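The block underneath contains the structure these notes are about, expressed in structure tokens.
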Amino acid sequence: MVLPRPVSDTLIELLKPVACELGERLGASAVNERYAEIEPSGSSALNQQIKKDPRWTKAQVKYLQRQQAREQELIAIASIEEEKVKEERANRIRAEELRDKRAISRLGRELMREIQSEAIRVKLNEIQIIWDRDNWFSNLSRQETEQILQQQQHRLLLLVAPAKISQDCPDSFRHNLNIELPAKLRTFLNQHYPQHGESCPVQFYGDYFKNAISDIDVERLQTVLSPVPTAILYSDISDYEVNFHVGFWGIINQSVSLVAMQPWNWEEVYHQLEAEGKNEKVRLRIIRQIIVTIHKLLAAFLADLYYLKIDFTHEPQLFNLEAEFAQEWFSKDWALPYMETLKEIQEQQRITYKGEMRRLALREAKARAERKRLEEEELKRRQEAEILAKRAKEFAHKLKNLKWRCVYTLPGHSSFVNSLAISPDGEILASGSWDKTIKIWNLETGELVGTLTGHSDRVNSVAISYDGKMLVSGSSDETIKFWNLYSGDLLCTFPGHSMEVNSVAINPKGQVIASCGGADNTIKLWNLRTGELVRTLRGHSDNVNAVVFSPDGKILASGSSDATSKVWDVESGKLLRTLSGLNVGVNSVAIAPDGQILASVSNDYTIKLRNLHTGSLLRILNSNSAKGKGVANLGMNEAVHILRNYVSRGDSVAISGDGLTLASGCDDNTINIWSLQTGELLSTLEGHSGTVYSVAIAPSGNLLASGSADETIKIWRCD
């Protein structure tokens, strides 16, 4: 049985506008703007915080992968001829799709509940103050209201207030409506939107309010229940019309949406039913039933609207409730505006979600391509590393089998030979000694070419320019001298550092000399041609013992008695990094030809190999336990490995031009030859009778010179 057409038409016109208004206003408030970033389409309400959660992203990626696999399977089963098998497999795929969507839905709500949890905690701390301040209008106690806040399941809270009924209304309204309304609404929601249901749970209270409420009461209630998404239905009835009201807020929203329908003239319907021959009791019962049905329609629409906004998988229950309403004088045309609004929002959600899936698929494709690229690079790196390791092993084997022999012993100095330098062409050797002289030798023949005199104290360091034309020396007489390497002429002398000049180095790419000295703890940079002081580098807290330029001339490394090595930018003079030692001084430094490795010799009987650009410790060439006490404090995670071969307190270290070997002078009168790549001790050269203070390797790599406290220089050849 249906209502007369004029009655239905009136109700349709009454209900249609509110569907659009609720869709626009309540949909926008489903998720708090503080937490949500609406997509350009305006249709997505999953808040941005959830979308950025790694658990959500992981679940979406998994869903996308499974969805793509299902699409491929659907394509494959299209070719199956047997319809029964095809249908069974298609049903299985659809069931899997539904399970995956529900899993995504559950996760989204769990994450939303986490978002709510902090606001709920704050509200629980405030609730007693609010309760004490106001004459509260709830039938529930404060503890029962707290239980609503503390519900673990994310759900929509729906409240219906007693209708405010005029005394002029028929007794049938005043006696029955407020009994029928909550009872029938509870039955309806329990059946179609159960609180513990999976798709669209609604927690319903038909007796929350003591009395009829107004808009201001809705706003008061929001101060307590703001963290819980809530819809409130309330109405007032005069002797001729009904006013329906909806109050709504979303997750932790700070404002309440209030929507009122156009008044419904129930008296007009009463007379229309009278004209149809209905008696008074039936007429009033039908009108009460219409009021209850409108509440059901609004409740269903609000629940579906909310879940559509937060869950792209939600299928509105309202689409399936035609039979439910048909039992209550209902025309399906009543719900059409609400269904159309839900369908429009559902389509927007699907479009938005498809866009998100496309973007996710694109990101995943890029990520897969990047992973593949990285895997290929890693594979290539490993292959190259294996090749290099094999080559290094072969080189190490070859180097280890090479025999070094002393071809010349060069007497001539009358005190310690403190410094050696070999010219870039490998033909000239310069030596500096504590006897205050510099001697020039033919490296191939061992012949003394000349002796340079002029310093008034021991010569601590000599360096040859990269064009092979000039020699620079630093002395304890506090001066730096410039010499013509071929003629032996003294070009100029200028003051260096207070007390002494410990080390000098010449920039391979520019006209710059670096020097370091005694008591002033500084490094000075000089113009090679004019002798003018360019810059003074400060940072060490004790004597600076050694300086060396990188092969590209951009970096300067220094070693000091303050137990550090420092790395400087030559152009600006800026300190790039400080490399801490083991609480012992650094005597000598060297940089590999590729500019990647810095070697430093310390007073703890170790040679440390570091990455020049990062400062990371690569390897330590270490003494035996008797002399290597400083190494005990070094964690094994700080070095690739520690070699237990004997390295003593030598003052010098040199790296071959091919970057394969390192030579170190030792105070046990020997020279050690190491593999720079593996750290293996390749050879120990014996022959000196005093500490080896200086070593230098010829560019060819097969000649090595050593200077010793025994006042001799030895030339070693590798066959």
Side-chain angles (χ1 to χ4, degrees), residues 39-46 50-111 192 197-201 304-305 307-323 332 335-336 339-380:
E39 296 290 337
S41 66
S43 62
S44 176
L46 272 173
I50 288 177
K51 290 181 181 179
K52 291 180 179 179
D53 191 291
R55 292 167 291 179
W56 178 258
T57 304
K58 182 178 179 181
Q60 293 291 84
V61 170
K62 184 177 179 181
Y63 173 77
L64 175 65
Q65 293 169 343
R66 290 170 63 86
Q67 187 184 54
Q68 291 172 338
R70 283 190 288 267
E71 289 173 355
Q72 293 299 317
E73 190 173 356
L74 283 172
I75 293 172
I77 66 175
S79 60
I80 297 176
E81 294 183 359
E82 191 175 345
E83 289 298 322
K84 184 178 179 181
V85 174
K86 184 187 295 187
E87 183 63 23
E88 286 176 352
R89 292 181 63 178
N91 288 338
R92 177 180 56 79
I93 292 170
R94 284 191 286 269
E96 287 179 359
E97 174 76 8
L98 181 60
R99 284 197 299 271
D100 284 353
K101 284 184 175 181
R102 286 176 175 171
I104 286 281
S105 176
R106 283 194 300 272
L107 176 60
R109 293 176 195 176
E110 288 169 6
L111 296 176
H192 302 292
E198 190 173 73
S199 61
C200 46
D304 284 330
L305 176 64
Y307 284 107
L308 264 181
K309 281 294 182 176
I310 68 167
D311 183 1
F312 80 97
T313 70
H314 180 64
E315 291 291 334
Q317 288 289 92
L318 186 59
F319 296 166
N320 306 316
L321 296 181
E322 182 177 340
K332 65 179 181 179
L336 280 178
M339 292 183 181
E340 289 170 359
T341 298
L342 291 176
K343 286 178 181 178
E344 181 180 345
I345 293 173
Q346 187 179 43
E347 184 60 24
Q348 289 173 347
Q349 290 290 75
R350 287 174 175 171
I351 291 171
T352 297
Y353 191 73
K354 285 179 181 178
E356 291 176 353
M357 285 292 103
R358 283 195 297 271
R359 290 191 291 273
L360 181 61
L362 182 60
R363 288 199 301 269
E364 277 300 292
K366 289 181 178 179
R368 283 195 300 271
E370 179 64 11
R371 287 194 296 270
K372 184 177 180 181
R373 184 187 68 79
L374 292 175
E375 288 170 0
E376 290 174 349
E377 285 186 358
E378 177 63 15
L379 178 61
K380 183 179 178 181

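Predicted model, so just to flag it, every value in this text is computed and none were measured.
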- Specify the closest pair of heavy atoms between Ala76 and Ser79, including all atoms of both residues, with the distance to one decimal. O-OG, 2.8 Å

- Note on the structure: So CG of Leu64 and CD of Glu364: to nearest 0.5 Å the spacing works out to 7.0 Å

- Message: Quick test of your reading of the model: are Glu83 and Lys86 salt-bridged, counting only N-O distances below 4.0 Å?
- Response: yes

- Taking only residues two or more places apart in sequence or in another chain, which ones pass salt bridge (Lys or Arg N to Asp or Glu O under 4.0 Å) with Glu82? none

- Value rounded to 0.5 Å, distance of CD in Glu88 from CD1 in Ile77: 11.0 Å

- State which residue, out of Gln68, Glu97, Lys58, fulfils the side-chain contact (heavy atoms from CB on, under 4.5 Å) condition with Tyr63. Glu97

- Query: What is the minimum heavy-atom distance between Tyr307 and Cys200, and which atoms define it?
  - Reply: CD1-CB, 3.4 Å

- Query: About how many Å separate CG of Leu305 and CD1 of Ile310, when rounded to the nearest 0.5 Å?
  - Reply: 11.0 Å

- Smallest heavy-atom separation, Ala59 atom then Leu107 atom, equals CB-CD2, 3.4 Å

- Message: Around atom CZ of Arg94, are there more than 12 heavy atoms from other residues, nucleotides or ligands closer than 6.0 Å?
- Response: yes

- Contact summary for Pro201 and Ser199, nearest pair of heavy atoms: CD-C, 3.7 Å

- Task: Applying salt bridge (Lys or Arg N to Asp or Glu O under 4.0 Å), name anything that partners Arg92, two or more places apart in sequence or on another chain.
- Result: Glu73, Glu96

- Task: Evaluate the side-chain proximity of Leu308 to Asp311: yes if any heavy-atom separation is below 4.5 Å, no if none is.
- Result: no

- Item | Side chain to side chain, Leu379 and Glu375, heavy atoms closer than 4.5 Å | no

- Query: Looking at Glu370 and Arg363, does any basic side-chain N land under 4.0 Å from a carboxylate oxygen?
  - Reply: no

- Is Arg350 paired with Glu315 through a side-chain N to carboxylate O contact shorter than 4.0 Å? yes

- Closest approach of His314 and Gln346, non-hydrogen atoms and distance? O-NE2, 3.5 Å

- Task: Look up atom CG in Asp304 and atom OG1 in Thr341, then write down how far apart they are to the nearest 0.5 Å.
- Result: 12.0 Å

- Task: In sequence, state the C-alpha distance, the side-chain angles, and the governing distance for Lys343 and Glu347, and then conclude on salt bridge (Lys or Arg N to Asp or Glu O under 4.0 Å).
- Result: CA-CA 6 Å; Lys343 286 178 181 178; Glu347 184 60 24; over 6 Å; no

- Item | Leu342 to Pro316 - nearest heavy-atom pair and separation | CD1-CB, 4.0 Å

- Message: With a 4.5 Å cut-off on side-chain heavy atoms, are Asp100 and Gln67 touching?
- Response: no

- Message: Counting C-beta onward and ignoring hydrogens, is there a side-chain heavy-atom pair between Leu74 and Glu71 closer than 4.5 Å?
- Response: no

